[in-house]
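Input: a single structure, listed below in structure tokens.
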Amino acid sequence: MTPFPLYDGPVLGIETSCDETSASVLDGLTVRSNVVSSQVDLHRRWGGIVPEAASRAHVEALLPVVDQALEEAGIGLSEVKGVAVTSRPGLVGALSVGVSAAKGFAFALGVPLIGVHHLEGHLLSPFLDQPDLAFPHVCLLASGGHTELVLLRGLGDYDLLGQTRDDAAGEAFDKSARLLGLGYPGGPAIQKAAETGDPKRYKLPKGLQGEATLDFSFSGLKTAVLRLVEREGTALDVPSAAASVEEAIAEVLAKRSAEACRQADCEALTLAGGVAANRRLRSLLEENCRREGIRFATPHGSLCTDNAAMIALAGSARLARGERSGFDLEPVATAPIEDL
Ligand code: KG4
Ligand code: ZN
């Protein structure tokens, strides 16, 4: 049982805030389907996300993805009892595609509509695997767009403890990978290359060392990788450079997470967002938590990266509280988590 009630009946979740088109059917806590169509191949040729191309790709993919989600869940559209859609923050053009479709479904079915904050989806995603997690706890949310330490006191009651002052952790992986000639997206590429490397071979900055802060900074790392590549030229040991980057990022994320738990006096830490797929980060956090007697929870792979199941979960929790969005629901580019 989650420490918050969920909506009665299947909720259709829709996510189009960035470069994944996703639809999910969530019934209580059961993920009956979670279909994700990734645009990674589309954006690879540019080495990053092109907003206009992302919106067009969502338009093409969304209805087939919803169809597949319903089919895999084994329900007809008419059995959907609520529609949850990411409405903020994100690329406005991309969000508009999901929001417009969600309004159409809710209107046609005569069921409630709820706009969901994308980060609330990530923050609550660990409950899909471990529903008995309690509040308060700390979440390390690390993705391509965000690196935040958040204290969850209850549903919708979130305190931002620390955040990045420049690049997000995923962005640091992506930019370093590009400098090392490892391709896009950078996180998985660095993890793979790092397998045969020595993480101690190159010394890289860990950002805001020595400052009493829960904030992060990854721009110095990017510059250091650039210098390293220029200095070493063809002599560069790429696997060791990748391992050193991975270690620098994982270490600083783990260190600040432990400090956040100490400061907030929390007995549980969760890890969410695309970077949660990183094996080195997971094992460092697991190790730290075991030593400190803190419970550690992270959802399995496909629930870490952007997906509609987590959006359906956050939507279901809000619908159960009686919250509803109107048909004037608008996509919003920037929305602080503390305003929820
Ligand atoms: O949450 P997500 O799917 O999308 C958003 O940014 O919202 O996260 C994508 C990010 C990318 O920067 C990608 O490089 C990173 O997550 N990522 C990883 C790994 N898998 C994905 N970073 C490190 N190690 C990984 N195995
Ligand atoms: Zn995300």
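Everything numeric here is computed off the predicted structure, so don't read it as measured data. For ligands, and for the atoms within them, numbers begin at 1 and follow the listed sequence. Side chains included, hydrogens not; waters and symmetry mates left out as well; all remaining heavy atoms used.
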Problem set entry | Exam field: side chain T196 to backbone P239, donor-acceptor pair closer than 3.5 Å | no

Exercise. Do F173 and ligand 1 have an N or O pair less than 3.5 Å apart?
Worked result: no

For this session: Answer yes if the ring centres of F135 and F127 are under 6.0 angstrom apart, and no otherwise.
Result: yes

For this session: Verify the distance criterion only: is there a donor paired with an acceptor across the side chains of Q263 and E259 at less than 3.5 Å?
Result: yes

Exercise. Quick check: does G273 get an N/O under 3.5 Å from an N/O on ligand 1?
Worked result: no

Exercise. Can we say E60 and R56 salt-bridge, meaning some charged N sits less than 4.0 Å from an Asp/Glu carboxylate O?
Worked result: no

Exercise. Which is it for T305 and ligand 1 at heavy atoms under 4.0 Å: side chain, backbone, both or neither?
Worked result: both

Exercise. Does any N, O or S atom of H118, backbone or side chain, fall under 2.8 Å from the Zn ion (ligand 2)?
Worked result: yes

Exercise. Can you find an N or O of E20 that's nearer than 3.5 Å to an N or O of ligand 1?
Worked result: no

For this session: May I ask you to check if ligand 1 and G144 share an N or O to N or O distance below 3.5 Å?
Result: yes

Exercise. Under the 3.5 angstrom rule, does the side chain of K206 hit a backbone N or O of L204 as a donor-acceptor pair?
Worked result: no

Exercise. Going by the atom numbers of ligand 1, which of them fall below 4.0 Å from some non-hydrogen atom of Q191?
Worked result: 26 (N)

Problem set entry | Residue portion contacting ligand 1 (non-hydrogen atoms closer than 4.0 Å) for E246 | neither

Exercise. Taking atom types as modelled, is there a side-chain donor on D339 or H117 under 3.5 Å from an acceptor on the other?
Worked result: no

For this session: Confirm or rule out an N/O/S atom of C18, from backbone or side chain, lying less than 2.8 Å from the Zn ion (ligand 2).
Result: no

Exercise. Can you find a pair of side-chain heavy atoms, one from S22 and one from N34, that are under 4.5 Å apart?
Worked result: yes

Exercise. Is the backbone of D237 close enough, under 3.5 Å, to the side chain of Y202 for a donor and an acceptor to pair up by distance?
Worked result: yes

Seminar exercise, completed: Paired with R280, the side-chain hydrogen bond (donor to acceptor under 3.5 Å, both in side chains) test is passed by just one of E246, Q191, E247, namely E247

For this session: With atom 24 (N) of ligand 1 as the reference point, say which of L119, N278, V245 has the nearest heavy atom.
Result: N278

For this session: Taking the Zn ion (ligand 2) as the reference point, name the nearest N/O/S atom of D306.
Result: OD1

Exercise. With a 4.0 Å cut-off on heavy atoms, does R279 reach ligand 1?
Worked result: no

Exercise. If you measure every N/O of C304 against every N/O of ligand 1, is any gap under 3.5 Å?
Worked result: no

For this session: Give a yes/no verdict on whether any heavy atom in P188 is under 4.0 Å from an atom of ligand 1.
Result: yes

For this session: Can you sort out which atoms of ligand 1 are near G145, meaning under 4.0 Å from one of its heavy atoms?
Result: 6 (O)

Exercise. Aromatic rings H118 and H122: how do their planes relate, parallel, tilted or perpendicular, breaks at 30° and 60°?
Worked result: perpendicular

